[in-house]
Amino acid sequence: MIYTIPQKELINPGHLACQGCGGALALRTVLKTLGENTILTFPACCWSVIDGPFPYSAVKVPLFHTAFETAAVTAAGVKAGVKKAQDPNTISVAWAGDGGTFDIGIQALSGAAERNEDMFYFVYDNEAYMNTGVQRSSATPKGAWTTTTPTQSPKKERKKDLVSIIAAHAVPYIATACVAYPEDLTKKLEKAKKIKGFKFFHIFAPCPPGWKINPQDTIRIAKMAVENKMFPLFEIEDGEKYTINMPNPKKEKNVPVNEYILKQGRFRHLKEDDINEIQAFVDKRWEKLKKLAEI
Amino acid sequence: MKRDGKKIIFEKAGDLPPMAMSLGTTEYNETGSWRNERPVVDSSKCTGCGICWKFCPDISIKEDANGKASIDYFFCKGCGICAVECPVKAIEMKEEEK
């Protein structure tokens, strides 16, 4: 078999993720590159369930389950601990979902970013509180169905632009990645491993039960989101140097958002006008990103 | 801090306090029973490109002796990502038989 990403597995099979889970795939890919010398911190998120009940653990590295709002600060504390134990090469990783990052954990995240702690912060973004049964979070896109924003009154607000908030802290490295492009993700992780300071990764991870898609379409939907620029892939260094790294720049054409939207049950109630509005928003944001990348 | 197989050994008081001491202990958890469709690999079509392995969330695709994909049915939850992503359509989803 041809292996394009590191071969060694640091997650055991037998974990409790749903069929076709994007979040499980995201951590599998990330740990492959970060290696054994890693300590994970999980706040309340899907992964605190996927990992299994105590004393079982699906992850082959040490991990720490912490309170919802404290992922970043606990990981910073773990880093201080390993430094004190003369083990500076151990990587401290905070691994949080979008609820624990966009809403509840943002204060601790902002603090850790401001102090430029030497750690990784990952948000695997499934665009709602999926673990507790699909409630809206500030990462839920406009127009989406959740149990707290039913189809009669879908979410009216936009998705929070968290990457720009972290970029305003001028941290050394920020990247967006997608589970459908593991080579891109491992390349960015290799780069980030050499950088000292706060590293932030925003990983797009579809959730089949919450988005009402078939489990086999996880990768297909994730690829569509990148191709139609709903979730563009880029890096930000020192808060100002933007680099766009789309997977197929040669084949790049204007892919409309229609197919992506219509494939998901959570957007099924949307009318044509609503889809046009989303398209206009995506186009505007893409133009803005292109301008930033040229500076 | 030292590692001996799956165990971490803490040598002195300055080391980190013990957290989960045994790591990777879900290997007896049979998630294959969740499945209602099973993926079946056609070895004559499989090119060994590794795409199914790369995208499997359940780490259930292994390399067999001929470098082709083989599926570990003890863990496979039957999501079907491998069948959709296979570029040569060598994996087919078949209804699970009791």
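By convention in this document, chain letters (A, B, ...) are assigned in the order of the sequence lines, proteins followed by strands, and residues within each chain are numbered from 1.
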Is the number of heavy atoms from other residues, nucleotides or ligands under 6.0 Å of K196(A) NZ greater than 12?
-> no
Part of N214(A) within contact of chain B (heavy atom distance under 4.5 Å) | neither
Give the member of C82(B), C56(B), C46(B) that has the highest number of heavy-atom pairs under 4.5 Å with chain A.
-> C56(B)
Minimum-distance pair of heavy atoms, taken over all atoms of P13(A) and D58(B) = CB-O, 3.3 Å
Would one find more than 12 heavy atoms of other residues, nucleotides or ligands at under 6.0 Å from atom NZ of K68(B)?
-> yes
Structural part of A83(B) lying under 4.5 Å from a heavy atom of chain A = neither
Heavy atoms only: give me the nearest K223(A)-E85(B) pair and the separation to one decimal.
-> NZ-OE1, 3.4 Å
Answer yes or no: does atom NZ of K62(B) have more than 12 heavy-atom neighbours from other residues, nucleotides or ligands under 6.0 Å?
-> yes
Among residues 47-55 of chain B, which residues come closer than 4.5 Å to chain A, judged by heavy atom distances?
-> G48(B), C49(B), G50(B), W53(B), K54(B), F55(B)
Identify which of N29(B), D64(B), D72(B) forms the greatest number of heavy-atom pairs closer than 4.5 Å to chain A.
-> N29(B)
Close contacts, residues 19-32 of chain A versus chain B, judged by heavy atoms under 4.5 Å = Q19(A), G20(A), C21(A), A24(A), L25(A), R28(A), K32(A)
Could you please spell out the steps behind the side-chain contact (heavy atoms from CB on, under 4.5 Å) verdict for I11(A) and I59(B)?
-> CA-CA 8 Å; I11(A) 291 181; I59(B) 315 132; 3.7 Å; yes
Flag the one option from D217(A), L16(A), I2(A), I5(A) with the top tally of heavy-atom pairs under 4.5 Å to chain B.
-> I2(A)
Dump the intermediate steps for side-chain contact (heavy atoms from CB on, under 4.5 Å) on V84(B) and T218(A), then the final yes or no.
-> CA-CA 10 Å; V84(B) 168; T218(A) 298; over 6 Å; no
Using a cut-off of 6.0 Å, state whether more than 12 heavy atoms not belonging to E183(A) lie near its atom CD.
-> yes
